[in-house]
2 protein chains.
Amino acid sequence: MHIENVGEKLSSNMEDYLEAIALIEKDKGVARVKDISRLMKVKTPSVTSALNVLVDKGLVEHERYGYAELTKDGKRIAQDVLKRHKMLTKFLSSILKIDPQVAAGDACKMEHALSPETYKKLSTFVEFVETGSEVDRPLWLKGFDHYLKTGKRVQCKNKQALKKVKSRK
Amino acid sequence: MHIENVGEKLSSNMEDYLEAIALIEKDKGVARVKDISRLMKVKTPSVTSALNVLVDKGLVEHERYGYAELTKDGKRIAQDVLKRHKMLTKFLSSILKIDPQVAAGDACKMEHALSPETYKKLSTFVEFVETGSEVDRPLWLKGFDHYLKTGKRVQCKNKQALKKVKSRK
DNA sequence: TGAATATGTTAGTGTTATCTAACAAAGAAA
DNA sequence: TTTCTTTGTTAGATAACACTAACATATTCA
């Protein structure tokens with residue numbers, strides 16, 4: 001009798017395989033060893049052995065020489081990783097203005113390093129910035145953009161606030 | 001003749017060892033195998049073998065049964081890692097208000113995942129927030145803090161801006 | 001249908017990093 | 001100085017991943 005190797009925490013590597021399979025499934029319906037291999041930039045034997053592990057853990061279904069498909073559990077984990085990935089990408093590219101290619105690469109590495117707490121707070125931050133009204137959002141984000149480019153802050157035009165600051169010293 | 005194994009890019013793991021040695025050196029002057037083992041939460045044979053690698057790469061000096069010391073190159077790399085670590089910790093704890101313990105842990109994992117570009121932009125962001133005048137910094141950061149706690153934005157008091165927004169729809 | 005091509009798997013290796021158990025050296029205390 | 005304790009090293013096992021080379025199955029198309 002065969003007992004499945006479920007439960008034990010997944011390595012970042014295996015998370016990456018799940019993520020890749022999810023992306024390919026979304027794109028093409030089913031994932032084949034070669035697709036995964038291409039996306040992950042590894043050779044096919046590495047994929048085969050990763051699939052064996054994932055099948056053992058009950059996260060993927062895979063018939064010899066056939067397609068790979070995420071199980072319900074596999075999908076759940078993959079969606080979770082993807083969620084972190086997307087949030088990080090958004091943070092890096094739309095707030096920090098990092099080159100999309102670089103942002104994607106960094107997100108890929110960071111998505112495994114985030115604690116739930118950090119994930120939550122960072123998401124909230126992104127949401128705070130993105131959903132802000134036209135009033136306040138671009139106000140300080142544009143200030144940051146300017147600071148990024150020039151290293152200088154935009155002039156403060158609020159007289160009252162200026163006075164407050166000056167009177168401090 | 002022995003050719004040193006320099007140049008090749010360092011694994012995150014080895015970066016962590018360098019970082020640990022730097023911290024211990026700063027604290028106690030010299031680093032001993034046991035100190036490193038304690039800080040890295042590994043057994044001493046792991047430290048011995050890591051030191052061998054680092055000595056090979058010319059990043060650490062180490063005599064059998066003696067102290068470990070960073071070389072000039074080792075120091076340079078360790079400082080670099082530490083710089084990333086500190087910046088990340090500051091971002092996580094003072095901007096996102098993440099629990100210091102968690103922030104430290106996440107910083108430790110993320111510090112190896114940052115591209116130079118992301119490092120630069122994120123540093124600039126932290127600097128932008130930290131060095132902002134009393135006028136603008138806490139203004140929106142406090143807004144975020146409030147949003148974190150309540151999920152609601154603070155009321156907009158700028159009539160002109162409000163009008164602008166309303167007239168849009 | 002039956003080669004030729006494309007795709008997938010197995011077997012065996014190498015690398016990195018961890019561990020335990022056994023041994024060796026240094027330092028402290030008697 | 002000799003023993004005890006602490007610390008460090010070596011040897012050898014294990015685990016996760018990647019690779020190449022060789023083999024097996026599917027698919028295509030002539």
Side-chain angles (χ1 to χ4, degrees), chain A residues 4-21 24-25 27-57 59-69 77 81 108-109 111-113, chain B residues 3-21 24-25 27-69 77 81 108-109 111-113:
Chain A
E4 282 179 348
N5 192 9
V6 294
E8 294 159 29
K9 177 170 62 192
L10 223 51
S11 70
S12 333
N13 208 350
M14 290 301 142
E15 283 189 356
D16 278 334
Y17 277 104
L18 290 180
E19 191 184 2
I21 295 168
I24 295 164
E25 279 187 356
D27 185 40
K28 305 187 159 190
V30 284
R32 316 182 58 212
V33 168
K34 226 207 165 182
D35 300 324
I36 302 171
S37 137
R38 221 190 345 254
L39 189 55
M40 300 270 301
K41 292 180 183 144
V42 297
K43 305 296 179 187
T44 60
S46 308
V47 175
T48 301
S49 80
L51 287 180
N52 289 335
V53 173
L54 293 171
V55 166
D56 255 23
K57 289 186 187 287
L59 302 173
V60 162
E61 275 172 40
H62 180 227
E63 268 177 286
R64 276 179 63 112
Y65 298 102
Y67 300 127
E69 269 183 292
I77 297 177
V81 178
C108 241
K109 287 175 283 168
E111 72 198 11
H112 308 291
Chain B
I3 292 177
E4 281 180 349
N5 194 9
V6 293
E8 294 159 29
K9 169 171 65 189
L10 222 51
S11 69
S12 333
N13 207 353
M14 290 301 141
E15 283 188 355
D16 279 334
Y17 277 104
L18 290 180
E19 193 185 0
I21 295 167
I24 295 164
E25 279 186 357
D27 185 39
K28 305 188 159 191
V30 284
R32 316 185 57 212
V33 169
K34 226 207 165 182
D35 300 325
I36 303 170
S37 138
R38 219 189 348 251
L39 190 55
M40 301 268 302
K41 295 182 180 140
V42 296
K43 305 295 178 188
T44 59
S46 307
V47 176
T48 301
S49 82
L51 288 180
N52 289 336
V53 173
L54 293 171
V55 167
D56 255 24
K57 290 186 186 288
L59 302 173
V60 163
E61 277 171 37
H62 180 228
E63 269 176 286
R64 282 185 95 211
Y65 297 100
Y67 300 128
E69 267 184 292
I77 297 176
V81 178
C108 240
K109 287 175 283 169
E111 72 198 13
H112 308 291

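Letters go in sequence order (proteins before strands), and every chain restarts at 1.
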Item to check | Pairwise side-chain contact, A/His62 with A/Leu54, heavy-atom cut-off 4.5 Å (strictly under) | outcome: no
Next on the checklist: For A/Asp35, give me all partners under side chain to side chain donor-acceptor pair (under 3.5 Å), at least two apart in sequence or on another chain.
Outcome noted: A/Lys28, A/Arg38
Next on the checklist: Rounding to an integer number of Å, can you tell me how far B/Lys57 NZ sits from C/dA17 C1'?
Outcome noted: 14 Å
Item to check | B/His112 NE2 to C/dA17 P, straight-line distance once rounded to whole Å | outcome: 11 Å
Checklist entry - Which whole-number value in Å describes the distance from A/Tyr65 OH to C/dG8 P? => result 10 Å
Next on the checklist: Students often get this wrong, so: under 4.0 angstrom with heavy atoms, is B/Met14 touching a base, only sugar-phosphate, or nothing?
Outcome noted: sugar-phosphate
Next on the checklist: In whole Å, I'd like the distance from the CG atom of B/Leu10 to the C1' atom of C/dT16.
Outcome noted: 12 Å
Checklist outcome for this item: Under a 4.0 Å heavy-atom cutoff, the residues of residues 43-52 of chain A touching DNA chain C are A/Thr44, A/Pro45, A/Thr48
Item to check | Full working for side chain to side chain contact (heavy atoms under 4.5 Å, CB included) between A/Glu15 and A/Glu111 | outcome: CA-CA 10 Å; A/Glu15 283 189 356; A/Glu111 72 198 11; 5.6 Å; no
Item to check | Minimum heavy-atom distance between B/Ser37 and B/Val42, given as atom pair plus value | outcome: OG-O, 3.0 Å
Item to check | Minimum-distance pair of heavy atoms, taken over all atoms of B/Asp16 and B/Met40 | outcome: O-SD, 3.6 Å
Checklist entry - Who pairs with B/Glu25 by salt bridge (Lys or Arg N to Asp or Glu O under 4.0 Å), at least two apart in sequence or on another chain? => result none
Checklist outcome for this item: the helix from C/dT1-D/dA30 to C/dA30-D/dT1: angle between terminal helix axes, five bp per end, to the nearest 10 degrees, reads 10°
Checklist entry - How many angstroms lie between CD in A/Glu19 and CD1 in A/Ile24, if you round to the nearest 0.5 Å? => result 10.5 Å
Checklist entry - So, do B/Val47 and B/Tyr17 sit near enough that their side-chain heavy atoms are less than 4.5 Å apart? => result yes
Item to check | Rounded distance (nearest 0.5 Å) linking atom CD1 of B/Ile77 with atom CG of B/Leu10 | outcome: 5.5 Å
Item to check | Start and end of the DNA chain D segment that chain B contacts, any atom under 4.0 Å from a heavy atom | outcome: D/dT7 to D/dT10
Checklist entry - Out of curiosity, B/Leu51 CG to B/Met14 CE, how far, rounded to the nearest 0.5 Å? => result 9.0 Å
Item to check | Minimum side-chain heavy-atom gap A/Arg32-A/Tyr67 below 4.5 Å | outcome: yes
Checklist entry - Looking at DNA chain C, which of residues 28-38 of chain B put a heavy atom within less than 4.0 Å of it? => result none
Checklist entry - If you find the nucleotide of DNA chain D closest to A/Arg64 and the one closest to A/Lys41, which residue's nucleotide is nearer the 5' end? => result A/Lys41
Next on the checklist: If I take atom NZ from residue B/Lys109 and atom OG from residue B/Ser12, how far apart are they, to the nearest 0.5 angstrom?
Outcome noted: 13.0 Å
Item to check | OP1 or OP2 of C/dT18 under 4.0 Å from side-chain N/O of B/Tyr17 | outcome: yes
Checklist entry - Can you name the nearest heavy-atom pair linking B/Val60 to B/Leu18, along with the distance? => result CG2-CD2, 3.9 Å
